[in-house]
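Structure record follows, encoded as C-alpha cells.
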Amino acid sequence: MSELPKAYEPADVEKSWYEAWLEKDCFVADPLSEKPGYSIVIPPPNVTGILHMGHVLNNTIQDILARRARQKGFEVLWLPGTDHAGIATQTKVERQLREEEGKTRRDLGREKFLERVWDWKEEHGGIIIKQLKRLGCSCDWSRERFTMDEKYSEWVAQVFVDLFQEGLIYRGKRMVNWCPVSLTALSDEEVIPKKQNSKLFYIKYELVDEPGKYLEVATTRPETLMGDVAVAVNPKDERYGKYVGKRVRRPFPEADIEVVADEHVDPEFGTGALKITPAHDKADFEIGERHGLEIIDVLHADGTVNCPQVPELDGLDRFVARKKAVAKLEEMGLLIKVEEHENNVGFSERADVPVEPRISMQWFLKYPATEETAAAVANGEISYRPDRWAKTHANWMAGIQDWCLSRQLWWGHRIPVWYRKEKVEVLREAESLTLENMEVGDLHVGVEAPVDGENWVQDEDVLDTWFSSWLWPFATMTDLGEESDLVKKFYPTADLVTGPDIIFFWVARMVMAVYRFKGELPFQNVFFTSIIRDLQGRKMSKSLGNSPDPIELMDKYGADGLRFGLMRTAPVGADVRFDEAQIEEGRNFANKIYNACRFRRMAGVESRVGFRASECQALRPYHLEILSKCDELTVKLEDAYAGYRFNEVGQRLYDFLWGDFCDLFLEAVKGDLKEEAADEAREATLGVFDVVMGRYLHLLHPYMPHLTEELSLRMGYLEDGEFLMERVLEGASLLEGVDREMIRLGEERAAAVYEAAGRLRNLKAEYRLAARKDVKFVAKTGPEWLEEEADIISLLVGAESVTRKDGYEAEKGTPGAVTAVGEIFMPLEGLIDVEAEKSRLSKEIEKTEKEVSKCRGKLGNEKFVANAKPEVVAVERERLAEWEGKLASLQEMLSSLS
RNA sequence: GGUCGAUUAGCUCAGUGGUAGAGCGCUUGCUUCACACGCAAGAUGUCACUGGUUCAAAUCCAGUAUCGACCACCA
C-alpha cells in the first residue's frame, strides 16, 4: 500500500467491490437461514426514473439499515424493484412515438402500443437500478420485482375483486380531476395546487323581468359561461334577497337562467353573486345537485370548447376561449371591470397543466380499514419517525375522500371487469353505461376473464398506479405463495424508509391495504427522510435545473464520499439544504482514513489482529485511552442507531477518527513506528492500531461500504475469502481483561497530556512562536510521571523540551500556564516586543476580569448555591479559582514589564 | 382558513435547564519523513423578538414577527 498514490482513488475500488459482492451473492437473502430475519422493501422508483438526491438519501439510509442489520447477526432481505408509473411511462413512450414516427398511440392500437411500452421498459427501464448499484446498495437483486410482474398483477386484480365484492368499490358519474393533456382522470393527490396570478372578471346579467337592470357577478372563468345554468346568492345577503327565484339572461348562447339561494356563496367575495356552472366546477356541481340544476358540459376532453351554438368560441382551447369570451362580453357592453386576482389552480402532477373539473364515469373506492389503521398509527403500533408525521397521517385520514381508481390510460393494470357485449352496445348508444343499468348476469368481476370471452368486453380503463403500489410490501414477497419460506422469514417488514411527500400517496394506503388483506401491519417503523432543497431553499426539480446529478457527484467524490457527506449533516426529519461542500468533506474524510492506514502500513505490512490488550505489557496511556474511546464509540453508536439518529452516527464516526484517533492518538505514538523505536513499543502501537482500526472500519462500514471493505482486506483484518459486510459485529470491549484501575489512570494521564499540549501550543501561538521548535518549557510542579511523558508533550507541542525543575522560580514576566500536568513556564529569552506584550496583557486582563465577576456573581447567589446540584457548584468554584489565579498572574506579568 | 415545522457564526447545520459547538469559508503560520482532500493557531454569536416559569433558559411555556411544508379553499 505504501507504493499507492497519496490520495484515495475511489472509482476502481468501488466498482470492483460491488462486483465482488454480487459475484459472491452477498446480498441474496436466505429464507432458510437460522438467523433472525430483517427486511426492508425499497420504495419502488419509477421505471422511467433517474437517480436524484432524494433517492440517494433515501437509499443510503436503507443500505445503512440493511448493512447494520447484517452485522448485528440478522439475515437480511432488502427487496428492490420498480414501479410501472402509469402516466409517466405512457407519456414518455407516446412522446417518443410522436417525435420519431409522427404517430399516436391510437394509430398503433392498444396491443401494439403496449408492446412498445414493454420494449421501452426493457431498454431504458433499468437506468435507476444501475445507479442504485453504483451507490453501493445491497439489495437482493435476485428478487427484483416490478409492479406489473405476472404474479403481482394477479394480486392487484384479486384485491380489486375482493373490495368490489365487499361493496367498497363502485362505479359512477362524478366530478373528477381531469387532465386535458393526458386525457385521464386523476386522484386528488395527483393534483398540485399552485398560486396563479389570474384575473377576476366582473360581468352583468340582465334581469329578465326588468330590462335595463342587471345582476353583477364575478368570475375567473368566463370561457365556461355557456355552461351557466343559474346565478347563486347567499340567502342571508340582503342585497339580493329580492332576486331569488327571478330569472336573468345568460348572454351566450342566450338563455334565461334562475337565481338561487345557497349557503355556499360568500357575500364578501366579488359581488356576492356566483354564476353556477355545474359541469366545470366542483362547488358549482354540488350547488347544482342541491337545486336540481341542469348540467351543461361545454368542454371537450382535451380542454377545447364544445359549444356549436357559439361558433366563434367552439373548438378553441380553453385559455384562448377565455380571452375571446371576455372580448365578446365587452362588445356586448356586459363587462364591468377586470381585477388582478391571485388564486390557487390545481395542476396535473405529471403533465403540469391546470386540471379541469369534469364529470365522468369512473371507478371509486371507499377506503378499507380506516379506523383500525388510523388507530395503529395514532397509538404507535407503527412508529412514525419523526412522530409528528403521525399527526399529518391522522389529519388526512380524518378528511379522507373516496379514491378515484380508474385512469383512461393503456399502460397499467386493466380493470378486471367485463361487460356483456350486446348490453354494452345498447347502453353506449344510450350513454347510460352505469352499473345500475347492468343486470347481475351482465357483469363479470374477476381475476380471470370469463370463459366465454368472445361474448364479453373488458373495461377499457386501467387502475391508478398507486392501487398497485399499495400492495408492495406483501405482493413482492408472495410469488411462491402466502405460506412460502420467504414470507415466513421476512414478512412483515421491519423498517420503511421514504419521503414525507408520499405519506398519502403510498404509506397510509399501504397500511390500510395490508391491514385489510393480511390482518396485520406491513412494517414496524416508518422513517421519513428529509426533503432536500437547494441553497435557496427551493425544492429540487428538473424544471429549475437545481438538482445536482448524483452520478457526477460520485464521479467527483466517490459513492462513499457522497453517502457519508450527505448522512453526516442530513438532519432527522427537517428539510436539508444541499451544499456540495458537504460531499467534499465526505471525500476528504475517506482520504483521511486511507492515509491513516497508509501510514500504518509503512511500519510493516503484517497485521496484528490477534493482539490482546490484556496480554500486552507495553501499553501506555495513549493506547489505553484510544481503546477505551473506541469502546465508548461502539456503545454510543448503538444508542444513536436505536433512535435512528443517522446524522449523529455519522458525526461520531467522523469525530472519533479525525479527532481522537488521528489528531491525538496517532500523533502521540508516532515515534513508536519509527525504525529506531523499541520493539515492544512498536508492537504495542501496531497492535492497538490494528484492533482499533479493525473495529472502526467495521463500525463505519454501513456508511462507507467500499472503502471499509478495501482497507479491511488490505490491512489484513479479514480471513481469506471473508467479506467485512458479512462479518458479525460482536462489540466486545477491546479492553477485556485489563485492570480497570490501570485503564482509568491511563485515560486520565493521556487526557492530561493532550490538554497540556493544547495549552502549551496555545501559549506559543500567543507569543507568535508557533513555528519555533526550540522553545524549552520548564515545569515548576507536576505529577511524578511527568518526566515519563515529557518527550511526548514536546513532540505534540513542537517544542525542544519540557523539563521538570522543582522549586523553579521564573523570572518576572515569564509566561506560563496552569496545565493538567502542572504549572509550566515558557522562558522568553528576550524575544518579545515589550509594548505589544503590554497591550496583549491588558486585553487579556480585561477579559479575565469579566469572567471572574461572572463567576463571583453566580456563587454569590445564595439560591444558586442552595439549589444547584453540588457538582455544578463545585465546578463553578473551581472555575472561579482558575480565573482568579489567571488574573493574578496576568497582573503580575504586566507589572513586571512596566 | 386549519395543521405541522423552522429561525443558533458569513454559509450549511449540531446542540432536551448549568462556561455557546462542528465543518466549510475567512486571517496567520507551516512543502513537520500518513494525509495541502493536510497540520497548527486565530477572529467571528443580542441563540428572531417580547413576556413568563426557574437560583439558572438557545433549551420549558405563552404571544409576536419572518420563512416554509401540508391540508382545505372565494367563484
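All heavy atoms count here, side chains included; hydrogens, waters and symmetry mates do not.
Side-chain N/O atoms of A:Arg761 include one lying less than 4.0 angstrom from OP1 or OP2 on B:A41.
Nucleic acid contact class of A:Arg577 (heavy atoms, under 4.0 Å, all strands): sugar-phosphate only. Within the 4.0 angstrom heavy-atom criterion, only backbone atoms of the sugar-phosphate kind lie near A:Phe504; the bases stay farther away.
Annotation: B:U59 and B:A48 have their C1' atoms spaced 15 Å apart (nearest Å). When the P atom is used for both B:A9 and B:C4, the distance is 27 Å, rounded to whole Å. Comparing B:G63 with B:G68, their P atoms are spaced 22 Å from each other, to the whole Å. When the C1' atom is compared between B:G15 and B:C60, the two are found 16 Å apart, to the nearest whole Å. Between B:A57 and B:A62, the two C1' atoms lie 15 Å apart (nearest whole Å). Look at the P atom in both B:G17 and B:G2: the space between them is 32 Å, to the nearest Å. Of the P atoms belonging to B:A14 and B:G5, the separation is 16 Å, rounded to the nearest Å. For the P atoms, the distance linking B:A41 with B:U7 amounts to 30 Å, nearest Å.
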Exercise answer: donor-acceptor pairs, residues 193-202 of chain A side-chain atoms, under 3.5 Å, sequence neighbours excluded:
from: A:Lys194; atom 1: NZ; to: A:Asp352; atom 2: OD1; distance (Å): 2.6
from: A:Ser198; atom 1: OG; to: A:Asn343; atom 2: OD1; distance (Å): 2.6
from: A:Tyr202; atom 1: OH; to: A:Glu339; atom 2: OE1; distance (Å): 3.1

Only pairs under 3.5 Å count here: list side-chain donor-acceptor contacts from residues 390-398 of chain A, not counting sequence neighbours, and write none if there are none.
from: A:His393; atom 1: ND1; to: A:Tyr384; atom 2: OH; distance (Å): 2.9
from: A:Trp396; atom 1: NE1; to: A:Glu189; atom 2: OE2; distance (Å): 3.4

Could you tabulate the donor-acceptor pairs under 3.5 Å formed by side-chain atoms of residues 668-677 of chain A, not counting sequence neighbours?
from: A:Lys670; atom 1: NZ; to: A:Glu667; atom 2: OE1; distance (Å): 3.4
from: A:Lys670; atom 1: NZ; to: A:Glu667; atom 2: OE2; distance (Å): 3.3
from: A:Asp672; atom 1: OD1; to: A:Arg620; atom 2: NH2; distance (Å): 3.2
from: A:Asp672; atom 1: OD2; to: A:Arg620; atom 2: NH2; distance (Å): 2.5
from: A:Asp672; atom 1: OD2; to: A:Thr685; atom 2: OG1; distance (Å): 2.6

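Residue pairs meeting the salt bridge (charged side-chain N to carboxylate O under 4.0 Å, His left out) criterion with at least one partner in residues 579-588 of chain A, sequence neighbours excluded, are A:Lys556-A:Glu580, A:Arg568-A:Glu585, A:Glu584-A:Arg587.
Here A:Phe505 pairs with A:Trp466 under the ring pair (Phe, Tyr, Trp, His ring centres under 6.0 Å) rule; sequence neighbours left out. Annotation: side chain to side chain contact (heavy atoms under 4.5 Å, CB included) contacts of A:Asp501 (sequence neighbours excluded): none. A:Val298 meets the side chain to side chain contact (heavy atoms under 4.5 Å, CB included) test with A:Met226, A:His280, A:Ile296; sequence neighbours excluded.
For the residue pair A:Asn234 / A:Tyr240, no side-chain donor-acceptor distance below 3.5 Å is found, with atom types taken as modelled. A side-chain donor-acceptor contact under 3.5 Å links A:Gln651 and A:Asp655. A donor atom on one side chain and an acceptor atom on the other are not found under 3.5 Å apart for A:Arg598 and A:Tyr8. A donor atom on one side chain and an acceptor atom on the other are found under 3.5 Å apart for A:Asp188 and A:Asn177.
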Practice item. At under 4.0 Å between heavy atoms, which parts of nucleotides 20-25 of chain B does protein reach? Answer with one letter per nucleotide, 5' to 3': B base, S sugar-phosphate only, - none. Key: --SSS-
Point to revise | Footprint string (nucleotides 27-36 of chain B, 5' to 3'): B base within contact, S backbone only, - free, heavy atoms under 4.0 Å | key: --S----BB-
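Between A:Tyr641 and A:Phe646, the ring-plane angle classifies as perpendicular under the 30° and 60° cut-offs. In this pair, A:Tyr644 and A:Phe527 present their aromatic rings parallel. The plane angle is below 30°, not in the 30 to 60° band.
Using the Watson-Crick or G-U wobble rule with both distances under 3.5 Å, B:C73 pairs with nothing in any strand shown. B:C26: Watson-Crick or G-U partner is B:G42, with both key distances under 3.5 Å. Here B:U59 sits opposite no nucleotide as a Watson-Crick or G-U wobble pair (both hydrogen-bonding atom distances under 3.5 Å).
With hydrogens and angles ignored, the 3.5 Å screen pairs a side-chain donor or acceptor of A:Thr271 with a backbone N or O of A:Glu216.
Atom-to-atom, CZ of A:Arg533 to C1' of B:C70 comes out at 11 Å; the value is rounded to the nearest Å. For A:Asp188 and B:A72, the CG to P distance is 7 Å, given to the nearest whole Å.
Taking each heavy atom of A:Leu796 and A:Ala757 in turn, the nearest pair found is CB-CB, 3.8 Å.
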Identify the pairs formed between an N or O of the protein and an N or O of nucleotides 73-75 of chain B at a distance under 3.5 Å, and give each distance.
from: B:C73; atom 1: N3; to: A:Asn344; atom 2: ND2; distance (Å): 3.0
from: B:C73; atom 1: N4; to: A:Asn344; atom 2: ND2; distance (Å): 2.2
from: B:C74; atom 1: O2; to: A:Asp266; atom 2: OD2; distance (Å): 2.5
from: B:A75; atom 1: OP2; to: A:His341; atom 2: NE2; distance (Å): 3.3
from: B:A75; atom 1: O3'; to: A:Thr220; atom 2: OG1; distance (Å): 2.6
from: B:A75; atom 1: N6; to: A:Asp266; atom 2: O; distance (Å): 2.7
from: B:A75; atom 1: N6; to: A:Phe269; atom 2: O; distance (Å): 2.9
from: B:A75; atom 1: N1; to: A:Asp266; atom 2: N; distance (Å): 3.2

Quick test: give all pairs of protein nitrogen or oxygen and nucleotides 51-57 of chain B nitrogen or oxygen below 3.5 Å, distance rounded to 0.1 Å.
from: B:C55; atom 1: O2'; to: A:Asn861; atom 2: ND2; distance (Å): 2.6

Exercise for review: Starting from the C-alpha separation in whole Å, work towards a yes-or-no answer on side chain to side chain contact (heavy atoms under 4.5 Å, CB included) for A:Ser607 and A:Met715.
Suggested key: CA-CA 6 Å; A:Ser607 88; A:Met715 300 297 288; 5.8 Å; no
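The residues A:Arg600 and A:Asp690 are annotated as salt-bridged, a charged nitrogen and a carboxylate oxygen being separated by less than 4.0 angstrom.
Contacts of residues 792-800 of chain A with RNA chain B (heavy atom under 4.0 Å): none.
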